[in-house]
Amino acid sequence: DRRQRQMCIRDRLSSAVKGLGYACAFGCSMVAGGISARAADQVKLALDWIVDGVHAGYFVARDKGFYADAGLDVTLSRGFGSGDTIKRVGSRVSTFGVADTGAIVAARANDDIPVRIIAMTYDKASLGVIYQVQSGIKQPKDLEGRTIGRSASGASVNMFPGFLKANGIDRGKIKEVVVDAATLPPLLASGQVDAVLDQSILLSRYQSVARQQGRTLAVMRYSDYGLTTYGNAIIADPDTLKASPDMARRFVEASLKGIAYAFVHPDEAVAILRKSNPEIDAGFAKEELSALAEIELTPDVRQHGFGYIDEERMAKTEDIIVKALSLKKTVPLDQLYTSDFLPKQAIMPEAK
């Protein structure tokens, strides 16, 4: 009828104005002699951790209409560590998730949790040890005899045994204090611990607190000390991919567009992030987004586009993780990841 036709035309105009290349993303179909708009696919995305600057791209994709134009209604939820996110996706509580590759390999090898990587978002892992320079720590071996703060779970915690093994460190000589992640910065700044396990991308957040106590911080990334692996990735359950392949492709493309946009427009991206997360400090968020860009915009990504997964690098990543964590088995690569859901036309980094 006329009203339905007007609604469809309005949707078409809205999509065209946004200029993102999706014409009437919700689609129009003839139903009972009239035209009706197709309902958006309901999607739940579980992040890996507390919302911060590195997640800006997903909020940009939602706010700028990238998801809507792809026919998706996306709900974003904070994570509680990669291990928990993997379980949520594997049990289909969440449609998609963001999790660390090391944690994904471990979950597949030891627990056979059915998830598959469909796009890489951290071309290098950012896991590491953030430490006080005043403590005298200069190299991994110096962690022996020290006190380290950590949360109960998370990728940095899960991959810590691999870092220790790769550097010949006796874990029995380290005192570990397990606390809530939110208390790690003040714990380190006050000198109650010599170092903490966390994402190196969050260094600026820690430094801000430490400066108030006259302390200087530095970071040792696992990837610089024997664990040269891929980092965070978008994951999905194989059954979801089989049942809704087109939806998965649309989600990946819209997400990668959001990430690309955030890198080019960091101030706008942070402002968008804070619309639904006003408690986030804009300065920290921008620095975190910038730190993410440093590890994401590698030669591989600049050549092949966002989300790219190199088969040889993935094989090396799995081999390093299996050996470092003494996992039960090696999972066939085609069960660990797939590039089938990446955009046909690569989304390339752009200069500011």
Side-chain angles (χ1 to χ4, degrees), residues 47-60 78-79 81-82 98 100 121-135 137-138 143 148-151 154-157 159-160 163 179-225 231-232 258-259 261-298 349 352:
L47 302 176
D48 57 315
W49 200 237
I50 299 170
V51 179
D52 55 38
V54 301
H55 302 119
Y58 303 104
F59 289 86
V60 166
R78 63 151 290 183
S82 289
V98 178
D100 174 68
T121 56
Y122 284 23
D123 205 59
K124 295 179 182 177
S126 70
L127 316 177
V129 179
I130 300 174
Y131 63 93
Q132 288 190 47
V133 173
Q134 288 86 349
S135 68
I137 296 174
K138 296 181 180 179
L143 294 175
I148 291 181
R150 66 174 179 84
S151 57
S156 295
V157 176
M159 291 302 295
F160 189 49
F163 171 74
V179 298
D180 182 85
T183 68
L184 289 175
L187 201 66
L188 181 60
S190 65
Q192 295 180 64
V193 296
D194 301 298
V196 298
L197 307 184
D198 212 332
Q199 301 271 351
S200 63
I201 284 175
L202 303 178
L203 179 60
S204 62
R205 191 178 296 252
Y206 280 87
Q207 285 178 325
S208 177
V209 180
R211 277 196 293 267
Q212 299 174 22
Q213 304 294 329
R215 300 178 188 275
T216 305
L217 305 181
V219 66
M220 286 185 283
R221 283 184 185 154
Y222 296 169
S223 60
D224 294 328
Y225 293 90
N232 278 8
I259 293 170
Y261 189 97
F263 285 160
V264 179
H265 307 90
D267 290 315
E268 182 184 357
V270 169
I272 288 172
L273 176 67
R274 296 187 71 248
K275 284 183 182 179
S276 53
N277 302 276
E279 74 284 357
I280 292 177
D281 181 274
F284 290 155
K286 186 176 179 180
E287 289 184 25
E288 290 157 4
L289 184 57
S290 176
L292 173 58
E294 287 183 19
I295 65 172
E296 171 61 6
L297 299 180
T298 63
K352 292 183 181 180

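Every value quoted in this text rests on a predicted model; they were computed, and no experiment measured them. The basis for the numbers below is simple: all heavy atoms, side chains too, and nothing from hydrogens, waters or symmetry mates. FYI, the numbering just counts along the sequence from 1.
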Exercise for the section: Indicate whether any N or O donor in one side chain lies under 3.5 Å from an N or O acceptor in the other, for Asp194 and Ser135. Expected result: no

Practice task
Tell me yes or no: between the side chains of Gln134 and Arg215, is some donor less than 3.5 Å from an acceptor?
Solution key: no

Exercise for the section: Kindly say whether Val193 contributes a backbone atom to a donor-acceptor pair with the side chain of Gln132 at under 3.5 angstrom? Expected result: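 Between the backbone of Val193 and the side chain of Gln132 there is a qualifying donor-acceptor contact (under 3.5 Å).
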
Problem - Whether Glu296 side chain and Asp123 backbone form a donor-acceptor pair below 3.5 Å - result: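 Yes, the answer is positive, given that a donor and an acceptor are paired below the 3.5 Å cut-off.
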
From [X] [atom1] over to [Y] [atom2], what is the distance, rounded to the nearest 0.5 angstrom?
X	Y	atom1	atom2	result
Thr121	Asp100	OG1	CG	9.5 Å
Asn232	Ile201	CG	CD1	7.5 Å
Phe263	Leu292	CZ	CG	4.0 Å
Arg274	Asp281	CZ	CG	7.5 Å
Ser156	Gln199	OG	CD	4.5 Å
Leu188	Thr183	CG	OG1	11.0 Å

Practice task
Please tell me if the side chains of Lys275 and Phe59 come closer than 4.5 Å, counting only heavy atoms from C-beta onward.
Solution key: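 No. Closest side-chain heavy atoms not under 4.5 Å.
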
Exercise for the section: With Leu273 as reference, evaluate Val54, Ile280, Val60 under the side chain to side chain contact (heavy atoms under 4.5 Å, CB included) test and give the passing residue. Expected result: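 Option passing the side chain to side chain contact (heavy atoms under 4.5 Å, CB included) with Leu273: Ile280.
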
Exercise for the section: Quickly, which of Leu127, Val129, Ile295, Ile130 forms a side chain to side chain contact (heavy atoms under 4.5 Å, CB included) with Arg221? Name it, please. Expected result: Ile295

Provide the closest heavy-atom pair for [X] versus [Y] in the form atom of the first, atom of the second, distance.
X	Y	answer
Ala181	Trp49	CB-CZ2, 3.2 Å
Val157	Ser151	CG2-O, 3.5 Å
Ser190	Gln192	OG-NE2, 3.0 Å
Ser276	Pro278	C-CD, 3.5 Å
Ile50	His55	O-CE1, 3.3 Å
Ala262	Leu289	O-CD2, 3.5 Å

Handout entry: Residues Tyr122, Ser223; criterion side-chain contact (heavy atoms from CB on, under 4.5 Å); working and verdict
Key = CA-CA 12 Å; Tyr122 284 23; Ser223 60; over 6 Å; no

Exercise for the section: Please report the C-alpha distance between Tyr131 and Val196 in whole Å, then the side-chain angles of each, then the deciding distance to 0.1 Å, and finally whether the side-chain contact (heavy atoms from CB on, under 4.5 Å) criterion is met. Expected result: CA-CA 6 Å; Tyr131 63 93; Val196 298; over 6 Å; no

Practice task
Please lay out, stage by stage, how Asp198 and Tyr206 fare under the test side-chain contact (heavy atoms from CB on, under 4.5 Å).
Solution key: CA-CA 10 Å; Asp198 212 332; Tyr206 280 87; 2.6 Å; yes

Practice task
Apply the test side-chain contact (heavy atoms from CB on, under 4.5 Å) to residues Met220 and Tyr225: give CA-CA distance (whole Å), side-chain angles for both, the deciding distance (0.1 Å), then the verdict.
Solution key: CA-CA 8 Å; Met220 286 185 283; Tyr225 293 90; 3.8 Å; yes

